[in-house]
Q: 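Structure in structure tokens, see below.
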Amino acid sequence: MTRRIVRTGLQLGFLVFVAFFLVLFLDNRYRVLPNAIHNHLPAHHPGFVVIDVNIISCSALNPFSKCATNDEYWHKIDKDLYLGRGFPSKAYLHVRRKKEEDLETTDDLVFDVHVGQTPPPDDKPGKNEKWESRSMGLWIKRSSKRHLSDSTRAVTGVDVLFGPDAADPRSNWEIQEKYLAIDARGEHPEPRLTVRKGPSIKVNPPVPRIRKDGKFKILQASDLHLATGYGKCRDAVPDEYEGGPCRADPRTLAFVERILVEEKPDLIILSGDQVNGDTSPDAQSGIYKYSALFAKHQIPYAGIFGNHDDESNLNRAQSMAIMDGLPYSLSTAGPSDIEGVGNYYIEILGRGSTHASALTIYMLDTHSYSPEEKKYHGYDWLKQSQIEWFKTTSQHLKRKHKDYTHIHMDLAFIHIPLPEYRNPDGNQWIGNWSEASTAPAYNSNFKDALVEENVLLVSCGHDHVNDYCLPANDKDGKAALWMCYGGGAGFGGYGGYGGYIRRMRLFEFDMNEARIRTWKRLEWGSADDLEKRIDEQIIVDGGKVITGM
């Protein structure tokens, strides 16, 4: 009796299973299920789906025109397609989107986006899909048969970037080749749409680790000064690029990419002024350009801000929100209860499978301009809340670092140099000191905190044509900390002072010997010059600061 019941139950279960999939198969072609049921079936992956895209223009001369819509489902991409240069006109991309559970039977899903004078020819046009024209050469393909879709077909995101060199580092986003046909006035980085199909892909940040040979290499890329569009070269040597006039951003990024290929760093540190405020009305486009390059080479990176990064359309918090979560980015805002954005640390784990930290990298926000200009002329300084956070964090981590089987080492990166970069101890430096150090006039004594916590190295940017390394003394007059400059890398920032060649600094850590070696690489010169390690020196050996090597 029991066997008969079990057998009957299995047969009924099998029939229900077959019937369920048969109905879904038929409905997939003939829509046999009623709308009431369709409203409860999953139409797409969880989250937002795009049901329309449009461009809305308005004019400051027409009080009745508005660059907005009253529909709650329309989302405005808050970027004027003219980048503020089309007065009196403005135009904004609007995306109509809904959550899956809010979709109605009358909502059509967008399956493709195209920019051009005409829609692209369809090899296999869908019976229920059609191209619809919007303004500025925008075309969208929509379908009322959303139950026919799968999670890789429907459009779930549309964004705007600017410039012929625009790049998008985000997973499953693709930039349209052609730009929107705006009525440009004067020089204008053209707007380009970037489109995501399918669900948003969460990318877990990489975990940096000492290599099998016991070494780890960091590239410090400082002062990239990227623009919206190609940008303008300043003080370029020579003033050309690939046989034509110099183009700032392509030349800067080509320099960075060459060093990535030749040096193969394990981590990239961006020490501020990645974006040049004056020439970058859309900071996101600049952030995406360097991020896409690093993602292409699958190298993790971390950044802090300089005084120019927040001089365009995004403040520090907004820029960090973009950086945090991009593929291969380790950047994060840090604690909200201390001053600045981007105070955090990175742990480099030992080789193999250990969870113990071998290196700790402290990243600190040096802010921008002096808040008390009359009393302390020039630039801002590290605040007491940051110094207390650093000391507390360092002391807490030291207990955990005892698990590491070799000598653990600490280092730090900032943008604006410390006052001690002016060399009050009169020590010998190595490298170019070509301009006066623009350290803040007020000394908050962060250098003393670094020495007290046994940080062996701090490196900054900001002064583009300084690239020296200088030892700083402790209270007993002994060298206890190396203070280095990264050297200016970007052609969108100044680089004068006697034909200075752009350069970047590298640090190599040999954990077998607790040794730090550093050198620089040049952007331009003879074949021999480009292969050289400039001013190579050992600054730490056996876990202690040394000089004269």
Side-chain angles (χ1 to χ4, degrees), residues 50 52-71 74-97 110 113-119 132-140 155 157-168 173-195 225-234 245 247-250 275-289 308-315 318-319 322 492:
V50 176
D52 204 352
V53 184
N54 202 1
I55 295 173
I56 299 179
S57 301
C58 57
S59 172
L61 302 180
N62 182 357
F64 299 102
S65 68
K66 295 181 179 179
C67 282
T69 176
N70 295 325
D71 191 323
W74 280 103
H75 171 71
K76 184 175 85 170
I77 307 300
D78 197 17
K79 295 182 182 181
D80 176 17
L81 299 181
Y82 294 100
L83 288 175
R85 301 174 184 176
F87 184 82
S89 299
K90 290 186 176 182
Y92 294 90
L93 179 73
H94 287 69
V95 180
R96 194 166 191 252
R97 62 187 190 182
V110 176
V113 176
H114 175 74
V115 176
Q117 293 182 347
T118 59
E132 300 177 14
S133 176
R134 300 292 186 263
S135 61
M136 297 187 181
L138 172 62
W139 297 83
I140 62 172
V155 172
V158 185
D159 204 350
V160 180
L161 299 173
F162 293 85
D165 59 341
D168 197 329
W173 284 80
E174 185 176 353
I175 294 182
Q176 292 285 310
E177 292 185 5
K178 297 182 180 180
Y179 57 88
L180 294 171
I182 64 171
D183 181 17
R185 293 166 175 80
E187 188 176 344
H188 183 91
E190 54 269 22
R192 299 172 65 185
L193 297 188
T194 179
V195 179
H225 283 267
L226 298 174
T228 302
Y230 289 142
K232 296 181 179 179
C233 287
R234 297 181 60 185
R247 297 188 301 182
D249 288 11
V275 173
N276 189 55
D278 291 343
T279 60
S280 189
D282 181 51
Q284 183 182 8
S285 293
I287 293 170
Y288 277 8
K289 280 193 279 191
H308 292 294
D309 285 295
D310 58 358
E311 290 181 339
S312 56
N313 64 318
L314 299 178
N315 60 33
Q318 291 167 329
S319 290
I322 291 175

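The residues of the chain are indexed from 1 along the displayed sequence.
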Q: Pair Ser280, Thr228 - check side-chain hydrogen bond (donor to acceptor under 3.5 Å, both in side chains), show working.
A: CA-CA 5 Å; Ser280 189; Thr228 302; 3.3 Å; yes

Q: Taking all non-hydrogen atoms of both residues into account, name the closest pair between Ala166 and Phe162 and its distance.
A: CB-O, 3.6 Å

Q: Ile322 and Tyr288: which non-hydrogen atoms are nearest, and at how many Å?
A: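 Closest pair (atom of Ile322, atom of Tyr288, distance): CG2-CE1, 3.6 Å.
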
Q: Looking at every heavy atom in both Thr194 and Val160, which two are closest together, and how far apart are they?
A: CG2-N, 4.4 Å

Q: Stepwise, does the side-chain contact (heavy atoms from CB on, under 4.5 Å) test hold for Thr279 with Lys232?
A: CA-CA 8 Å; Thr279 60; Lys232 296 181 179 179; 5.7 Å; no

Q: Working to the nearest 0.5 angstrom, can you tell me the gap between Asp159 CG and Gln284 CD?
A: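 It comes to 5.0 Å.
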
Q: Taking all non-hydrogen atoms of both residues into account, name the closest pair between Cys67 and Lys90 and its distance.
A: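 For Cys67 versus Lys90, the nearest heavy atoms are SG-O, 3.7 Å.
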
Q: For Glu132, enumerate each residue passing the salt bridge (Lys or Arg N to Asp or Glu O under 4.0 Å) test, keeping only those at least two apart in sequence or located in another chain.
A: Arg134, Arg142

Q: Quick one, Ile56 with Trp74, criterion side-chain contact (heavy atoms from CB on, under 4.5 Å). Give me CA distance, side-chain angles, the key distance, then yes/no.
A: CA-CA 11 Å; Ile56 299 179; Trp74 280 103; over 6 Å; no

Q: Which heavy atom in Asp80 sits nearest to a heavy atom in Ala91, and how many Å separate them?
A: OD1-N, 3.2 Å

Q: Shortest non-hydrogen contact from Ser319 to Asp309?
A: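 Here Ser319 and Asp309 meet closest at OG-O, 4.4 Å.
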
Q: Hey, mind stepping through Val115 and Tyr179 against side-chain contact (heavy atoms from CB on, under 4.5 Å) and telling me if it holds?
A: CA-CA 7 Å; Val115 176; Tyr179 57 88; 6.0 Å; no

